[in-house]
Amino acid sequence: EVQLQASGGGSVQAGGSLRLSCATSEFTFDDYVISWFRQAPGKEREGVSCIINSGSNTYYADNAKGRFTISRDSARNTVYLQMNSLKPEDTAVYYCNAERLNTRMNYWGKGTLVTVSS
């Protein structure tokens, strides 16, 4: 069973930065796509970024491009999301997700709260 835990959230002012971490259980990273999602109060969950092929391929939502960077450290079984130039609309609970490539089975971790004040 794949276990994931997001951490690193907090409260910052607009323009500030945070680095989120997604700690994972041991498994073959290349067998999974690791993604970051977020959900604001009263809003639907939306995808933010994902990483595949040992970090060779990364994808970002339009509102994250140029501000967020996803990376992975296989030795630590951890995926990171560096968030710069944060905006109030980035306020949400952030979740990490692992999708197995062959089966498309998804695993969700507990979220971490990010609050950006204006």
Side-chain angles (χ1 to χ4, degrees):
E1 182 179 355
V2 177
Q3 304 288 335
L4 306 99
Q5 178 65 61
S7 62
S11 181
V12 298
Q13 293 183 323
S17 299
L18 285 173
R19 190 188 193 191
L20 305 184
S21 299
C22 177
T24 69
S25 58
E26 291 189 27
F27 59 90
T28 303
F29 261 116
D30 290 344
D31 291 339
Y32 295 84
V33 177
I34 308 298
S35 301
W36 286 97
F37 289 79
R38 67 186 182 187
Q39 187 168 24
K43 304 293 184 179
E44 294 185 26
R45 185 176 298 175
E46 62 176 344
V48 178
S49 181
C50 64
I51 188 167
I52 192 173
N53 294 333
S54 301
S56 297
N57 295 328
T58 58
Y59 302 88
Y60 300 92
D62 287 341
N63 56 13
K65 292 179 180 177
R67 300 189 300 125
F68 294 1
T69 302
I70 190 170
S71 62
R72 70 198 307 174
D73 186 339
S74 296
R76 294 178 172 83
N77 297 322
T78 302
V79 173
Y80 303 97
L81 184 67
Q82 178 68 44
M83 305 187 296
N84 299 325
S85 302
L86 284 164
K87 305 174 181 179
E89 52 262 43
D90 295 318
T91 296
V93 176
Y94 285 70
Y95 301 88
C96 57
N97 168 273
E99 180 181 339
R100 184 176 292 172
L101 292 173
N102 291 337
T103 66
R104 298 295 188 265
M105 182 173 292
N106 283 276
Y107 304 88
W108 292 93
K110 295 180 179 179
T112 185
L113 177 63
V114 171
T115 302
V116 184
S117 60
S118 59

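Quick note: numbers below take in every heavy atom, side chains included, and nothing from hydrogens, waters or symmetry partners.
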Take K87 and D90, measure what salt bridge (charged side-chain N to carboxylate O under 4.0 Å, His left out) needs, and give me the verdict at the end. CA-CA 5 Å; K87 305 174 181 179; D90 295 318; over 6 Å; no

Are the side chain of R67 and the backbone of S85 linked by a donor-acceptor contact shorter than 3.5 Å? yes

Nearest non-hydrogen partners of V33 and C50, listed with the distance: CG1-CB, 3.9 Å

Checking the side chain of Y60 only, and the main-chain atoms of G66 only, is there a donor and an acceptor separated by less than 3.5 Å? no

So do the side chains of W36 and M83 get within less than 4.5 Å of each other, counting heavy atoms only? no

No-hydrogen, no-angle side-chain donor-acceptor test under 3.5 Å, E99 and N97: no

Kindly give the heavy-atom pair with the smallest separation between V2 and S25, and that separation in Å. CA-OG, 3.5 Å

Hey, mind stepping through N102 and D31 against side-chain contact (heavy atoms from CB on, under 4.5 Å) and telling me if it holds? CA-CA 8 Å; N102 291 337; D31 291 339; 5.8 Å; no

Those residues that, when tested against Y107, pass ring pair (Phe, Tyr, Trp, His ring centres under 6.0 Å) (two or more places apart): none

So, does S49 use its side chain to make a donor-acceptor pair with the main chain of Y59 at under 3.5 Å? yes

Could you tell me which non-hydrogen atom of V93 sits nearest to which non-hydrogen atom of L113, and how far apart they are? CG2-CD1, 3.9 Å

Might you point out which heavy atoms bring S17 and N84 nearest each other, and give the distance in Å? OG-OD1, 2.9 Å

Shortest non-hydrogen contact from Y95 to G109? CD2-O, 3.4 Å

Of all heavy-atom pairs linking C22 and L4, the shortest is SG-CD2, 3.7 Å

